[in-house]
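One structure is given here, and the rest of the page talks about it.
Sequence positions, counted from 1, serve as the residue numbers for this chain. Just so you know, these numbers come straight off a predicted model, no measurement behind them.
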Amino acid sequence: MTNEPILEGDWNEIKAKLRQKWSQLTDDDLPQLRVELDQIIGIVQRKTGEARGAIERYLEQVSGSAASAAGTAAETAGEYAQHVAEAVRDTARQAGGQVRAGYDAAERFVCERPKESLAVCFGAGVITGVVIASLLRAR
């Protein structure tokens, strides 16, 4: 028989399916909160005249499809997370390659033009020193 925790977790969906199958059931007939499985079956039997076994089979069917839908959603989310992780890894590899290429280009420039490189570093140092000094004087 259907396991009550599954029924409890998917109660709103199961309730809608019960009303769809047996239209004579109303919201007032079906409890809003968790109740015993036997009580649910009893309510449906009283309102519809359906046999207990048929109701139990139907509840197993709808609770199984709800659990299956949740499992499918979890599986899809897992697959999506794997695709995202792969994309992040690829992007990280590309970024690492670009950083390495930039470093190699800078190293080649310094090796090919050491005087110009030294002048650029000296100028950057002077400008940095002037900016820091003017900030400190402003305080």
Side-chain angles (χ1 to χ4, degrees):
M1 179 57 216
T2 301
N3 145 355
E4 288 187 36
I6 290 174
L7 277 178
E8 182 179 342
D10 303 316
W11 178 236
N12 287 334
E13 184 178 339
I14 291 169
K15 200 164 53 167
K17 288 184 179 185
L18 286 169
R19 282 195 314 269
Q20 184 179 4
K21 181 164 177 71
W22 293 294
S23 59
Q24 59 268 52
L25 294 173
T26 66
D27 279 337
D28 294 334
D29 293 325
L30 299 172
Q32 298 299 316
L33 302 173
R34 181 184 181 275
V35 295
E36 295 296 318
L37 188 57
D38 287 335
Q39 187 178 355
I40 295 168
I41 293 170
I43 292 168
V44 174
Q45 276 183 307
R46 274 194 307 281
K47 288 294 277 190
T48 66
E50 191 76 45
R52 180 181 181 87
I55 297 168
E56 287 177 351
R57 283 189 298 280
Y58 185 73
L59 286 172
E60 285 178 10
Q61 178 187 354
V62 296
S63 67
S65 67
S68 174
T72 302
E75 208 173 285
T76 302
E79 289 172 4
Y80 181 72
Q82 285 178 338
H83 290 300
V84 169
E86 288 173 16
V88 167
R89 279 192 293 272
D90 290 344
T91 303
R93 279 190 216 108
Q94 289 175 353
Q98 290 176 347
V99 167
R100 182 68 187 167
Y103 176 81
D104 291 342
E107 187 177 28
R108 270 194 314 279
F109 182 80
V110 169
C111 289
E112 291 171 2
R113 298 186 174 124
K115 292 178 188 173
E116 291 90 348
S117 299
L118 185 60
V120 168
C121 289
F122 179 75
V126 168
I127 292 171
T128 302
V130 168
V131 169
I132 290 173
S134 64
L135 289 174
L136 291 176
R137 278 191 206 153
R139 288 185 176 182

Measure the spacing between CD of Q24 and CZ of R46 and express it to the nearest 0.5 Å.
13.5 Å
Separation between NZ (K47) and CH2 (W22), nearest 0.5 Å, reads 14.0 Å
Does R52 have more than 12 heavy atoms from other residues, nucleotides or ligands lying within 6.0 Å of its CZ?
yes
Are Y80 and V88 linked, directly or through other ILVMFWY residues, by side chains that come within less than 4.5 angstrom of each other?
yes
Q94: what forms a side-chain contact (heavy atoms from CB on, under 4.5 Å) with it, not counting sequence neighbours?
none
Taking NZ, NE, NH1 and NH2 as the nitrogens, is one of them in R108 or D104 under 4.0 Å from a carboxylate oxygen of the other?
no
